[in-house]
Amino acid sequence: MATSSESNNAVDGSSSTNGALAAATQIPPPLSPHRKVALITGITGQDGSYLTEFLLGKGYEVHGLIRRSSNFNTARLDHLYVDPHNSQKARMKLHYADLSDASSLRRWVDSLHPDEVYNLAAQSHVAVSFEIPDYTADVVATGTLRLLEAVRSSSKKGVRYYQAGSSEMFGSTPPPQSETSPFHPRSPYAAAKCAAHWYTVNYREAYGLFACNGILFNHESPRRGENFVTRKITRAVGRIKIGLQTKLFLGNLSAARDWGFAGDYVEAMWMMLQQDEPADYVVATEDSHSVEEFLEEAFGHVELNWKDHVVIDKRYFRPAEVDSLRGDSTKARKVLGWKPKVGFKELVRMMVDNDIELAKREKVLVDAGYMDAQQQP
């Protein structure tokens, strides 16, 4: 699960200075029959952390499946972590599993008896999928099939399943894109997501599984990974403003995307699983902006001119480009009653403000000699 890393359900004897520490190897005790149980793959990712916050606020018991890694990657969950020995307060618990390992998926689905399963895990970076296509296909496509099969064969009936789709599935299909628009994937990641989408539809139609595809258009936040273009930009803006960096290297500036706030989008995921019947939904702001427009907004927020700092580097161009994505979320707005709360300008400024504060903390380390100020040009 590409967005997951290492964490813990059972503390290994040390203090929780790194948040969640080590994953559990024992089956947890029975939960209260009055509390809903959610199982999330990719819980350590951007969406996983926001969804966990949302579900905990709804009174859920939340379990996350995470990959084994030599380094902890639970920073997005540290503020939610409670030592599992504190059983009265620890409503988020983490367990080792992997979408490439069917036995681990079956084990946790069978032992936790979740009411809802959210499959958010993936190798989710489009450019990286060209570098590691086999792994991307195995985790994103076949991993979804493994999880669906674990849910289907579970002794608990009536489990509701959410599959994280992607606007990248539409690829070169002209905007606006809706649930009825044809898919034309332009990357191994997008092709794998298409397979995951149709696996989900098949299990819904063949086995009567309550399974929904959420076709989410680009959604960002201060928790977005730093190798995604939006966060790469806002991270650079913060460092340039504070004097830690001078240049930002990017690829295609004309690519246009429908950018929303991840915190808004996880609510739509939950809404899908509360309906009487399962269905597929596009989730989008219906407003599209180019990378250049994102640059203008981000640099302009701190009174800088992006043209003084941005350098085009051909290595960041995709082998097959997706020119324009803009969603038609009419169905989600009518059926679910969902609509975005955070607009484009507010989103960009939120991310820039966060990264300025992060750069200020970096500056302290640089000034004290603990960090090399010349790591980036």
Side-chain angles (χ1 to χ4, degrees), residues 1 3-4 7-10 20 23-45 47-67 77 80-82 84 87 90-122 143-165 196 199-200 203-204 207-214 266-278:
M1 289 176 281
T3 55
S4 303
S7 181
N8 211 1
N9 177 350
T25 57
Q26 298 179 351
I27 303 302
L31 303 171
S32 167
H34 305 296
R35 177 176 287 157
K36 274 191 173 184
V37 178
L39 179 62
I40 304 174
T41 71
I43 193 171
T44 61
D47 293 5
S49 66
Y50 281 113
L51 180 61
T52 299
E53 285 179 346
F54 180 84
L55 294 177
L56 290 175
K58 292 286 184 181
Y60 280 65
E61 182 95 18
V62 178
H63 292 263
L65 301 186
I66 58 173
R67 286 182 301 119
L77 298 172
L80 302 173
Y81 179 76
V82 177
S87 59
R91 291 194 292 115
M92 179 194 73
K93 300 180 182 179
L94 306 174
H95 316 278
Y96 284 136
D98 198 292
L99 286 182
S100 65
D101 179 18
S103 61
S104 65
L105 301 177
R106 289 196 302 269
R107 178 189 181 212
W108 290 116
V109 170
D110 288 344
S111 62
L112 295 172
H113 302 293
D115 298 287
E116 298 171 2
V117 173
Y118 295 85
N119 185 25
L120 310 185
T144 296
L145 181 61
R146 295 183 186 109
L147 185 56
L148 283 164
E149 186 62 15
V151 172
R152 183 194 71 81
S153 61
S154 172
S155 60
K156 181 180 176 63
K157 303 305 176 186
V159 179
R160 299 194 168 199
Y161 176 92
Y162 171 83
Q163 172 60 33
Y199 283 140
T200 303
Y203 269 64
R204 182 171 68 214
Y207 302 113
L209 197 68
F210 192 106
C212 300
N213 284 295
V266 298
E267 183 177 12
M269 299 176 187
W270 176 78
M271 286 178 166
M272 293 178 204
L273 299 194
Q274 313 313 307
Q275 303 305 304
D276 293 334
E277 299 293 333

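Small disclaimer: the values here were computed from a predicted structure and weren't measured.
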**Student:** Would you please name every residue forming a salt bridge (charged side-chain N to carboxylate O under 4.0 Å, His left out) with R91, sequence neighbours left out?
**Tutor:** none
**Student:** Using side chain to side chain donor-acceptor pair (under 3.5 Å) as the criterion, list what pairs up with Y161, not counting sequence neighbours.
**Tutor:** N119, Q163
**Student:** What is the distance from atom CD of E61 to atom CG of L112, rounded to the nearest 0.5 Å?
**Tutor:** 9.0 Å
**Student:** Among all residues two or more places apart in sequence or in another chain, which pass the side chain to side chain donor-acceptor pair (under 3.5 Å) test with S155?
**Tutor:** none
**Student:** Between CG of L209 and CG of L148, what distance do you get to the nearest 0.5 Å?
**Tutor:** 6.5 Å
**Student:** So how far is it from E149 CD to L147 CG, rounded to the nearest 0.5 Å?
**Tutor:** 10.5 Å
**Student:** Walk me through whether V37 and H113 qualify under side chain to side chain contact (heavy atoms under 4.5 Å, CB included).
**Tutor:** CA-CA 8 Å; V37 178; H113 302 293; over 6 Å; no
**Student:** Could you tell me which non-hydrogen atom of A196 sits nearest to which non-hydrogen atom of N213, and how far apart they are?
**Tutor:** O-OD1, 4.4 Å
**Student:** Under the criterion side chain to side chain contact (heavy atoms under 4.5 Å, CB included), I'd like the reasoning laid out for V62 against I43: C-alpha separation, chi angles, the key distance, then a yes or no.
**Tutor:** CA-CA 10 Å; V62 178; I43 193 171; 4.0 Å; yes
**Student:** Quick one: pull up NE2 in H95 and CH2 in W108 and give me the separation to the nearest 0.5 Å.
**Tutor:** 5.0 Å
**Student:** Identify, with sequence neighbours excluded, every residue that meets salt bridge (charged side-chain N to carboxylate O under 4.0 Å, His left out) alongside R106.
**Tutor:** none
**Student:** Got a sec, which residues hit side chain to side chain donor-acceptor pair (under 3.5 Å) with E277, two or more places apart in sequence or on another chain?
**Tutor:** none
**Student:** What closest approach, in Å, do L39 and P114 show between heavy atoms, and which atom pair accounts for it?
**Tutor:** CB-CB, 3.9 Å
**Student:** Please report the closest heavy-atom contact between A121 and G42, naming both atoms and the distance.
**Tutor:** CB-N, 3.5 Å
**Student:** Taking all atoms of both residues into account, what is the closest heavy-atom pair of Y81 and M92, and its distance?
**Tutor:** CA-CE, 3.9 Å
**Student:** Let me see the working for E267 and F54 under side chain to side chain contact (heavy atoms under 4.5 Å, CB included), right down to the final yes or no.
**Tutor:** CA-CA 7 Å; E267 183 177 12; F54 180 84; 3.8 Å; yes
**Student:** Go through the structure and list residues passing side chain to side chain contact (heavy atoms under 4.5 Å, CB included) with L145, not counting sequence neighbours.
**Tutor:** Y199, Y203
**Student:** Looking at residues at least two apart in the chain, or sitting in another chain, which of them share a side chain to side chain donor-acceptor pair (under 3.5 Å) with S104?
**Tutor:** D101
**Student:** Got a second to check how far Q274's CD is from M269's CE, nearest 0.5 Å?
**Tutor:** 13.5 Å
**Student:** Just verifying a value: how many Å separate I66 CD1 and L94 CG, rounded to the nearest 0.5 Å?
**Tutor:** 5.0 Å
**Student:** For E53, what residues pass the side chain to side chain contact (heavy atoms under 4.5 Å, CB included) criterion, not counting sequence neighbours?
**Tutor:** Y50, H79, L80, R223
**Student:** Please report the closest heavy-atom contact between M272 and F210, naming both atoms and the distance.
**Tutor:** O-CE2, 3.8 Å
**Student:** Which residues satisfy the side chain to side chain contact (heavy atoms under 4.5 Å, CB included) test with R146, sequence neighbours excluded?
**Tutor:** S100, A102, L105, D138, T142
**Student:** With sequence neighbours left out, write down each residue that passes side chain to side chain contact (heavy atoms under 4.5 Å, CB included) with A38, or none if nothing qualifies.
**Tutor:** L55, Y60, Y118
**Student:** Among residues at least two apart in sequence or on other chains, which ones pass salt bridge (charged side-chain N to carboxylate O under 4.0 Å, His left out) with K156?
**Tutor:** D115
**Student:** Judged by atom type as modelled, is there a donor-acceptor pair below 3.5 Å linking the side chain of S154 to the main-chain atoms of A150?
**Tutor:** no
